[in-house]
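Just so it is clear, the structure is predicted and the values come from calculations on it, not from any experiment.
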Amino acid sequence: MLDAKLQEELNDAIVNETIYHGRVKELRQYKETPKSKTNTDLVVDMNGFYVIIPEDFTVLPLGAYAQLSLVGEDVKFVISEVYADDDLVFGSMKRADEIKKAPVMKKLLNRDTLVGTFITFTSAGAYIDLGAGVQGFMYNSEYSNSVTLAQAFRKYMEISVFYKETSIDGTIMLVPVKKDKTYEEDVKPIVRGDIYKGRISGIGADRVFVTVRPKTDCLCEYPTHLGKVKKNESVSVKIIKADNGKLRGKVLNRIDD
């Protein structure tokens, strides 16, 4: 039976939602009925007495790998229930995780600016660490139409972001405070008279194609005044016709990269 002083401390901890640290001693598996799924509880050593954390109150699925890796590890939890007569104390890692994340989540939902750190890049965008265990995701297109986040940043680099929405699967979606400097150029319409820097993407006998934006080419007469030109050379192009997405232009000069 738990002594009176410890009971009082634990009851106060429930009211105040005090976060404790403890070391996982073992994992206890059981079935409520012979045909039900196997439940896995954590048994955590907390200064000489044990706290049971039911599987539903952990913050990760307790599969085979997690079962092996968690034993001996320190975990954070709050006390959720105390049954003094039975010497049973239950805890929740999930609630401790929510408390830890609360300040960051409040700022997110208020759409305050947060500084995050890139942790993982994908073909679609990047995952960003916002601190306190909170992560979000940003699509490449939120930052630029010209470059991917993996091209513009490196792992552990920082970026200022704010909250956009939460997806159906619970992912926090982020947008940058400041977009790529070429973003506005990428989204505004191309009109006659505009001058663009581009790269020669194709060469014919009397014409060249110049890529002025991703997936956007401009057809130009062969720039004989520049002599022989090569594929992937950077040039400036003046738009002389823009009609339903079809561009005609004139190559003005070479540009040094």
Distance, nearest 0.5 Å, that separates CG of Leu108 from CD1 of Ile172: 5.5 Å

Inter-residue atom distance Leu174.CG - Gln135.CD, 0.5 Å rounding: 10.5 Å

Interatomic spacing from CD1 in Ile200 to CG in Leu226 - rounded to 0.5 Å: 8.0 Å

Ser167 side chain vs Thr171 backbone, donor-acceptor pair below 3.5 Å: yes

More than 12 heavy atoms of other groups within 6.0 Å of Phe137 CZ: yes

Identified side-chain contact (heavy atoms from CB on, under 4.5 Å) counterpart of Val235 within the set Val210, Val212, Leu252, Val229: Val210

Candidate pair Arg254 and Ser234, rule side chain to side chain contact (heavy atoms under 4.5 Å, CB included), full reasoning: CA-CA 6 Å; Arg254 285 188 174 91; Ser234 293; over 6 Å; no

CD on Glu233 to OG on Ser201, rounded to 0.5 Å: 12.5 Å

In one Ile/Leu/Val/Met/Phe/Trp/Tyr side-chain cluster, 4.5 Å: Val51, Tyr20: yes

ILVMFWY network linking Ile53 to Val24, side-chain heavy atoms under 4.5 angstrom: yes

Residues Lys25 and Asp45 bridged, charged N to O under 4.0 Å: no

Pairwise side-chain contact, His21 with Lys76, heavy-atom cut-off 4.5 Å (strictly under): yes

Sole candidate of Val44, Leu88, Leu42 that passes side-chain contact (heavy atoms from CB on, under 4.5 Å) when paired with Ile52: Leu88

Validation row: Cys220, Val237 side chains within 4.5 angstrom (heavy atoms): yes

Atom NZ of Lys107 with >12 non-hydrogen neighbours under 6.0 angstrom: no

Leu109-Val134 co-clustered via ILVMFWY side chain contacts under 4.5 Å: yes

Side chain to side chain contact (heavy atoms under 4.5 Å, CB included) between Phe49 and Leu10, worked out: CA-CA 12 Å; Phe49 71 92; Leu10 293 176; 4.0 Å; yes

CA sep, side-chain torsions, deciding dist, call: Phe121, Gln151, side chain to side chain contact (heavy atoms under 4.5 Å, CB included): CA-CA 10 Å; Phe121 295 95; Gln151 292 170 327; over 6 Å; no

Pair Val191-Ile239, side chain to side chain contact (heavy atoms under 4.5 Å, CB included): steps then yes or no: CA-CA 7 Å; Val191 297; Ile239 306 300; over 6 Å; no

Side-chain heavy-atom pair Ile128, Thr117 within 4.5 angstrom cut-off: no

Heavy-atom neighbours of Asn110 CG exceed 12 at 6.0 Å: yes

N/O donor-acceptor pair under 3.5 Å between Glu8 side chain and Lys5 backbone: no

Donor + acceptor pair across side chains of Ser92, Ser80 (<3.5 Å): no

Distance (rounded to the nearest 0.5 Å) between Ile19 CD1 and Glu17 CD: 8.5 Å

Residue pair Met138 / Tyr127, side-chain heavy-atom distance below 4.5 Å: no

Backbone of Ile240 reached by a side-chain donor or acceptor of Arg192 within 3.5 Å: yes

Pair Glu165-Tyr163, side-chain donor/acceptor within less than 3.5 Å: no

Residue pair Thr148 / Asn140, side-chain donor-acceptor N/O under 3.5 Å: no

Partner set under salt bridge (Lys or Arg N to Asp or Glu O under 4.0 Å) for Asp217, not counting sequence neighbours: none

Phe153: ring pair (Phe, Tyr, Trp, His ring centres under 6.0 Å) partners, not counting sequence neighbours: Phe118, Tyr143

Leu114 with Val177, same ILVMFWY side-chain cluster at under 4.5 Å: no

Straight-line distance of Asp87 CG to Tyr50 OH, nearest 0.5 Å: 12.5 Å

Sub-4.5 Å side-chain heavy-atom contact between Val71 and Leu27: yes

Those residues that, when tested against Glu98, pass salt bridge (Lys or Arg N to Asp or Glu O under 4.0 Å) (two or more places apart): Arg95

Residue pair Met46 / Phe77, side-chain heavy-atom distance below 4.5 Å: yes

Side-chain donor-acceptor contact under 3.5 Å, Thr18 with Asn16: no

Salt bridge flag under 4.0 Å for residues Glu142 and Lys164: yes

Single-linkage hydrophobic cluster Leu130~Met105, side-chain heavy atoms < 4.5 angstrom: yes

Side-chain (Asn11) to main-chain (Gln7) donor-acceptor, under 3.5 angstrom: yes

